[in-house]
Amino acid sequence: MKVLNDEAGTVPVVVPVVDASVHIFCQSNKDLRKNFLQEPFRSRGFPDYEMDWYGAPGGEYAKGTEGPDGQYPGSDPALAAKHLFDDRGVDIAILHPMTRGIMPDRHLGTAIASAHNEMMVTRWLEHPEFGDKFRGTLRVNPDDIAGALREIAKYKGHPRIVQLGIPLQSRELYGKPQFWPLWDAAVDAGWPVAVHFEVGSGVQLPPTPNGLTRTYEQFVGFTALNFLYHLMNMIAEGVFERSPELKFVWADGAADLLTPFIWRMDCFGRPHLEQTPWAPKIPSDYLPGHVFFVQGSLDGPGDVDFAGEWAGFTGKDDMVMYGSSYPHWQLNELSVPRTYSDEQRDKLCWRNAAELYGLEIGAIPAAASTGAAQ
């Protein structure tokens, strides 16, 4: 729980908090190989977590997030629990294991994803003290549909796994038919699909359609557009028409880009619907109930007079969920603009996530600490 202000900004209220984006890691490459990978993959080469083309100038992770013996940031459940539940007032944390993107060898990519799933389940979701406050994202390799389906079948009934996770960096747009069996399996399991920037990236196309950017700042600014490329392709390919229960989470921002992009798609698509008879609605009609975003520190106008109005454009206030990106450098603070209504505040802090992931808010433990007041 966290102490925030009401709509008038004067009366403190205690608000539940669901952190929809907590990144977790193995303690080291050695830990991953020794404890979770089997041969022949244990001996194979693959990128370390930090082997990205672009790195944050000030470092990838927030200070103090390493394990007590120097383990990788975000790899110690007890330390993460203290930071999230005690210090930041989070009630439920949605865990997203960070893997390595698309590997040239699809079987290796599946093995790495499966190893991270085992790590998440055994160390986090089944943690004897904090497991009931963690929920998990099952990582699969979209380059290996057969392997992904086996992984889904293995964990389908786990009560604390609440979504499927795939990398933003892909070889193809996610509306293409080769991915449809994966989306069908997610619907069958009752899980939304979360798309996230990947660390230690394997096969990775340039972050813009015109090639590589020079700096990390450009990379972060432009790469978010790729969420929209996937989304617009899925709408045009009729994915949500054929799968009415499918839900997608764009888990690393880009909600601020949605309104202008969907406006353009509506304007160009309206006179040409006969070209996509499999998706007969106006593109924006496919957003409600299908599309969600995790709010990042770079998204939106911030605490300005028109923030509440802006959140209502295109129904974004029904799509956006708070996520800290712990333990990454930005470590988003939960800051609700003063012009948000109480309803908009609740949707951002917990309600949208609770409804999407099937969380019983009444069953969320009342933390002994309410967290620091905003």
Side-chain angles (χ1 to χ4, degrees), residues 22-56 59-62 65-81 93 95-128 130-131 134 136-155 158 160-161 164-171 194 196-204 325-329:
V22 172
H23 308 159
I24 63 172
F25 301 84
C26 288
Q27 296 171 357
S28 63
N29 259 14
K30 182 179 180 180
D31 175 44
L32 173 61
R33 292 182 188 278
K34 179 180 178 181
N35 294 311
F36 301 106
L37 278 175
Q38 305 298 320
E39 294 293 4
F41 306 108
R42 178 180 292 172
S43 301
R44 295 284 301 277
F46 50 81
D48 200 351
Y49 286 126
E50 293 191 23
M51 293 296 288
D52 291 305
W53 287 110
Y54 299 94
E60 292 291 333
Y61 302 103
T65 56
E66 301 88 356
D69 297 316
Q71 298 96 331
Y72 206 82
S75 66
D76 185 281
L79 181 63
L95 307 177
H96 202 113
M98 294 284 101
T99 62
R100 306 298 203 280
I102 302 297
M103 295 289 103
D105 179 345
R106 66 183 183 278
H107 300 298
L108 174 62
T110 293
I112 292 173
S114 180
H116 281 81
N117 292 333
E118 184 181 351
M119 177 272 294
M120 175 184 68
V121 169
T122 58
R123 288 185 178 169
W124 296 75
L125 301 186
E126 296 176 358
H127 192 281
F130 305 111
F134 292 132
T137 302
L138 188 78
R139 298 306 311 270
V140 296
N141 176 17
D143 239 22
D144 177 15
I145 298 298
L149 295 178
R150 287 196 300 270
E151 197 73 2
I152 292 171
K154 178 179 179 181
Y155 288 103
H158 197 290
R160 291 178 182 165
I161 293 178
L164 199 66
I166 57 175
L168 171 67
Q169 302 96 318
S170 66
R171 300 180 196 265
H196 201 291
F197 284 10
E198 200 60 276
V199 299
S201 302
V203 174
Q204 182 174 358
S325 291
Y326 179 92
H328 274 88
W329 64 269

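Computed over heavy atoms, backbone and side chain alike; hydrogens, waters and symmetry mates excluded.
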Legend entry - Heavy-atom pair with the smallest gap, counting every atom of F130 and P77: CD1-O, 4.4 Å
Inset, instruction - Check the pair R139 / E198 against salt bridge (charged side-chain N to carboxylate O under 4.0 Å, His left out), numbers first and verdict last. - result: CA-CA 11 Å; R139 298 306 311 270; E198 200 60 276; 2.7 Å; yes
Legend entry - Minimum side-chain heavy-atom gap E39-R42 below 4.5 Å: yes
Inset, instruction - Could you tell me which residues satisfy salt bridge (charged side-chain N to carboxylate O under 4.0 Å, His left out) with R150, sequence neighbours excluded, listed by chain and number? - result: none
Inset, instruction - Nearest 0.5 Å please: distance from the CZ atom of R160 over to the CG atom of L95. - result: 11.0 Å
Inset, instruction - Determine the minimum heavy-atom distance between G45 and L108, stating which atoms define it. - result: O-CD2, 3.7 Å
Inset, instruction - Check G59 against W329 and note the closest heavy-atom contact, atom names and distance. - result: O-CB, 3.5 Å
Inset, instruction - Report the C-alpha separation of V121 and I161 in whole Å, then their side-chain angles, then the decisive distance to 0.1 Å, and conclude whether the side-chain contact (heavy atoms from CB on, under 4.5 Å) test is met. - result: CA-CA 9 Å; V121 169; I161 293 178; 4.2 Å; yes
Legend entry - Spatial distance of atom NE2 (H127) from atom CG (L125) [nearest 0.5 Å]: 11.5 Å
Legend entry - Nearest-0.5 Å distance, CG of residue L138 to CD1 of residue I166: 12.0 Å
Legend entry - Y72 ring center near Y61 ring center (under 6.0 Å): yes
Inset, instruction - Verify, without hydrogens or angle tests, whether R106 (side chain) and D144 (backbone) share a donor-acceptor contact under 3.5 angstrom. - result: no
Legend entry - Separation of K34 NZ from S28 OG (nearest 0.5 Å): 9.5 Å
Inset, instruction - Sequence neighbours left out, what passes ring-ring contact (aromatic ring centres under 6.0 Å, His included) with H96? Give chain and number order. - result: H196
Legend entry - Check: N141 and I102 side chains under 4.5 Å, non-hydrogen atoms: yes
Legend entry - Min side-chain heavy-atom separation P142-R171 under 4.5 Å: no
Legend entry - Side chain proximity check, F46 to L37, heavy atoms < 4.5 angstrom: yes
Legend entry - Listed partners of H158 passing ring-ring contact (aromatic ring centres under 6.0 Å, His included), at least two apart: none
Inset, instruction - List the atom of F25, the atom of V199, and the distance in Å for their closest heavy-atom pair. - result: CE2-CG2, 4.2 Å
Inset, instruction - With sequence neighbours excluded, tell me which residues meet salt bridge (charged side-chain N to carboxylate O under 4.0 Å, His left out) with D31. - result: R123
Inset, instruction - Drop me the distance from N117's CG to I112's CD1, to the nearest 0.5 angstrom. - result: 12.0 Å
Inset, instruction - For residues T137 and P97, report the shortest heavy-atom separation together with the two atoms involved. - result: O-CD, 3.4 Å
Legend entry - Results of salt bridge (charged side-chain N to carboxylate O under 4.0 Å, His left out) for R44 - residues two or more places apart only: D105
Inset, instruction - Please report the shortest heavy-atom distance between D76 and G67, naming the atom on each side. - result: CB-CA, 4.3 Å
Legend entry - With sequence neighbours excluded, residues passing ring-ring contact (aromatic ring centres under 6.0 Å, His included) with F134: F85, W124
Legend entry - side-chain contact (heavy atoms from CB on, under 4.5 Å) evaluation trace for I24 with M119: CA-CA 9 Å; I24 63 172; M119 177 272 294; 4.3 Å; yes
Legend entry - Heavy-atom check, side chain of M103 versus side chain of D143, under 4.5 Å: no
Inset, instruction - Could you tell me whether the side chain of P327 reaches within less than 4.5 Å of the side chain of H23, counting heavy atoms only? - result: yes
Inset, instruction - Give a yes or no on whether the backbone of T110 and the side-chain of S114 come within a donor-acceptor separation of less than 3.5 Å. - result: no
Legend entry - Between OG on residue S75 and CD on residue E66, distance to nearest 0.5 Å: 9.0 Å
Inset, instruction - Decide yes or no for E118 and K154: does some side-chain heavy atom of the first lie under 4.5 Å from some side-chain heavy atom of the second? - result: no
Legend entry - Side chains of P167 and T99 in contact at under 4.5 Å (non-hydrogen atoms): no
Inset, instruction - Take H107 and F41 through the side-chain contact (heavy atoms from CB on, under 4.5 Å) test and state the conclusion after the steps. - result: CA-CA 9 Å; H107 300 298; F41 306 108; 4.1 Å; yes
Legend entry - Donor-acceptor contact below 3.5 Å, side chain E60 vs main chain A56: yes
